[in-house]
Asker: 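Take a look at the following structure, please.
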Amino acid sequence: MAGAGRMTPEPLRLASRDLMVGVLPAKGSDIVEIIDQRTGVDLMFRTPWAAWDTPSPAAWDSRSRWLSTYRGGWQVLCPNAGPERAVNGALWGFHGEASVVPWQIVHAAETEVVLQTCLHTAPVSLRRHLSVDGAVLSVLEEVTNLSDREREVMWVHHPAFGAPLVAEGARLYTSARTLVADADAPGTVLAPDSVHTWPLVSGADGRTLDLSVLPGPASHREIFGCLTDFERPYLAVVNPELDLAVTVSWDAKVFPHAWLWQEFCATEDYPWFRRAYALAVEPASTMPGTGTVAGLRRGEPLRLAPHETRSAHLTMTVSSAEGAVSQSRQRGSAAAGEIPVSDQ
């Protein structure tokens with residue numbers, strides 16, 4: 001994308017003996033890299049145009065503008081997630097204002113940073129404390145309603161993982177019991193609005209598929225849906241070949257769902273042109289879409305009372321694959337082969 005914009009500035013970096021975490025305060029306080037010091041592996045997905053930070057001059061709407069500066073990594077989406085929509089006289093752009101505006105650095109040190117921002121398209125402020133301690137990244141976040149009336153928002157975390165952690169034969173574990181396929185863009189495997197018991201799903205062609213086993217780029221598989229019906233919500237991506245695992249756990253009261261996005265070199269058109277090999281499981285306040293399916297209301301917003309502050313805590317733990325399974329068995333809180341949940 002030569003000529004599309006200026007080079008992205010170097011991220012602010014947090015470091016422990018086990019992790020290196022890069023954050024971009026100037027753009028959404030995105031977590032753009034999480035490097036495991038033991039293996040040197042960056043866990044996060046990176047787009048082909050990750051070096052540029054200004055929207056493409058060819059961008060024609062908020063989605064194309066957002067994607068043209070999306071470099072991968074981990075975003076917070078608020079007050080909107082998904083397609084743009086008009087709310088209270090403002091246009092809430094694709095994936096929300098919080099993921100694109102600058103955040104102010106309140107405090108920064110070697111192992112932690114505190115950032116905050118106030119939104120223009122909604123009377124909402126956000127504050128987040130990122131810290132690393134050994135092999136654990138902690139995200140403590142607050143969303144505050146600055147107005148004197150109830151406000152509705154969407155609040156979604158968007159961590160996208162990529163190669164080499166994501167690879168053929170790697171596994172995706174989660175405590176979700178149910179997967180609901182998206183109504184409009186379910187991908188290449190699932191029927192729209194279909195409901196499945198995780199991880200075995202019935203494809204649109206009638207065949208059974210285990211979505212916990214990740215295929216390679218040649219699979220050209222795409223899936224978009226929502227994981228729900230969690231027991232102690234978590235996700236884990238485990239790569240036995242690298243002896244590497246990453247586990248994310250979160251607050252179920254704020255994030256009862258998790259959007260599931262698998263883009264395994266499937267999309268032939270803009271923006272991926274079969275160049276993206278990515279996996280995201282996104283803790284979410286809200287199911288994507290509209291309407292009702294399986295007794296669940298899509299698009300149900302998070303409601304904030306006047307001047308209310310809502311907080312949430314997410315943790316990411318990096319470990320060896322063998323160590324993660326061993327720890328799970330020692331706890332005795334999960335079936336053999338499942339991945340442990342970090343204590344909140």
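The shown structure was predicted, so the numbers you read here are calculated from the model rather than taken from an experiment.
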Asker: Does a donor on one side chain and an acceptor on the other come within less than 3.5 Å for Arg232 and Ser175?
Answerer: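 Side chains of Arg232 and Ser175: no pair found under 3.5 Å.
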Asker: Closer than 4.0 angstrom, basic N to acidic O: yes or no for Glu33 and Arg13?
Answerer: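 A salt bridge links Glu33 with Arg13.
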Asker: Please state whether the rings of Tyr277 and Phe264 are parallel, tilted or perpendicular, taking 30° and 60° as the class boundaries.
Answerer: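 Rings of Tyr277 and Phe264: tilted, 30 to 60°.
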Asker: Is a salt bridge present between Asp205 and Arg207, judged by a nitrogen-to-oxygen distance below 4.0 Å?
Answerer: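 Between Arg207 and Asp205 there is a salt bridge, with a charged N closer than 4.0 Å to a carboxylate O.
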Asker: Against Leu165, only a single residue in Leu244, Ile34, Leu214 fulfils side-chain contact (heavy atoms from CB on, under 4.5 Å); can you say which?
Answerer: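 Of the listed options, the one satisfying the test is Leu244.
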Asker: Taking Val113 as the fixed residue, which of Leu14, Val21, Val106 is the one that meets the side-chain contact (heavy atoms from CB on, under 4.5 Å) rule?
Answerer: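 One option only clears the test, and that one is Leu14.
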Asker: Taking atom types as modelled, is there a side-chain donor on Arg65 or Thr69 under 3.5 Å from an acceptor on the other?
Answerer: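 Absent: no donor and acceptor within the cut-off.
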Asker: Around atom NE2 of His120, are there more than 12 heavy atoms from other residues, nucleotides or ligands closer than 6.0 Å?
Answerer: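 Not buried by this count: 12 neighbours or fewer within 6.0 Å.
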Asker: Could you tell me if Thr178 and Thr228 have a donor-acceptor pair between their side chains, going purely by distance under 3.5 Å?
Answerer: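 Not at all, the side chains of Thr228 and Thr178 share no donor-acceptor pair under 3.5 Å.
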Asker: Under a 3.5 Å distance rule, please check whether Asp210 uses its side chain to pair with a backbone N or O of Leu200 as donor and acceptor.
Answerer: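 A pair under 3.5 Å: no.
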Asker: May I ask you to check whether Tyr270 and Trp60 place their ring centers less than 6.0 Å from one another?
Answerer: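 Yes: the rings meet the under 6.0 Å criterion.
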Asker: Between Trp66 and His95, how do the two ring planes meet: parallel, tilted or perpendicular, split at 30° and 60°?
Answerer: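 The rings of Trp66 and His95 stand perpendicular, inter-plane angle above 60°.
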Asker: Can you tell me if Ser147 and Asn145 form a side-chain donor-acceptor pair at under 3.5 Å?
Answerer: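 Yes, Asn145 and Ser147 have a side-chain donor paired with an acceptor closer than 3.5 Å.
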Asker: Between Ser56 and Ser68, do the side chains contain an N or O donor and an N or O acceptor separated by less than 3.5 Å?
Answerer: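 Judged by distance alone, the side chains do not pair up.
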Asker: Does Trp250 have its ring centroid less than 6.0 Å away from the ring centroid of Phe230?
Answerer: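 Yes: the rings meet the under 6.0 Å criterion.
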Asker: Determine whether Phe224 and Glu263 satisfy the following criterion, side-chain contact (heavy atoms from CB on, under 4.5 Å), listing intermediate values before the conclusion.
Answerer: CA-CA 9 Å; Phe224 182 57; Glu263 173 56 57; over 6 Å; no
Asker: Any Lys/Arg nitrogen of Glu142 or Arg310 sitting under 4.0 Å from an Asp/Glu carboxylate oxygen of the other?
Answerer: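 Looking at Glu142 and Arg310, the cut-off is not met.
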Asker: On the 0 to 90° scale, with breaks at 30° and 60°, tag the Trp261-Trp272 ring pair as parallel, tilted or perpendicular.
Answerer: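 Trp261 vs Trp272 ring planes: tilted.
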Asker: Regarding Ser311 and His313, do their side chains bring together a donor and an acceptor under 3.5 Å, going by distance alone?
Answerer: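 Side chains of Ser311 and His313: no pair found under 3.5 Å.
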Asker: Donor-acceptor check, side chain of Thr292 to backbone of Gly295, threshold 3.5 angstrom: yes or no?
Answerer: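 Here the side-chain-to-backbone pair does not exist.
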Asker: Do Arg128 and Gln116 have side-chain atoms, one donor and one acceptor, less than 3.5 Å apart?
Answerer: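 Gln116 and Arg128 do not have a side-chain donor-acceptor pair below 3.5 Å.
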Asker: For the pair Asn239 (side chain) and Pro164 (backbone), establish whether a donor and an acceptor sit closer than 3.5 Å, ignoring hydrogens and angles.
Answerer: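 At least one qualifying donor-acceptor pair exists.
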Asker: Indicate whether the side chain of Thr121 and that of Glu97 have a donor and an acceptor atom separated by less than 3.5 Å.
Answerer: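 Yes - a donor-acceptor pair under 3.5 Å links their side chains.
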Asker: Following the transitive rule for hydrophobic clusters with a side-chain heavy-atom cut-off under 4.5 Å over Ile, Leu, Val, Met, Phe, Trp and Tyr, establish whether Met316 and Leu12 coincide in one cluster.
Answerer: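 Hydrophobic grouping puts Met316 with Leu12.
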Asker: When you look at CD of Glu241, are more than 12 heavy atoms from neighbouring residues, nucleotides or ligands closer to it than 6.0 Å?
Answerer: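 Atom CD in Glu241 is not packed in, count stays at 12 or less.
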Asker: Does the distance from a Lys or Arg side-chain N to an Asp or Glu carboxylate O, for Arg298 and Asp193, drop under 4.0 Å?
Answerer: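 Yes, Arg298 and Asp193 are salt-bridged.
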Asker: Using the rule side-chain contact (heavy atoms from CB on, under 4.5 Å), only one of Val189, Val166, Ile223, Thr188 pairs with Gln262; which is it?
Answerer: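 Among the candidates, only Ile223 passes.
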Asker: Are His157 and Glu141 linked by a side-chain donor-acceptor pair shorter than 3.5 Å?
Answerer: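 On atom types as modelled, these side chains qualify, holding a pair under 3.5 Å.
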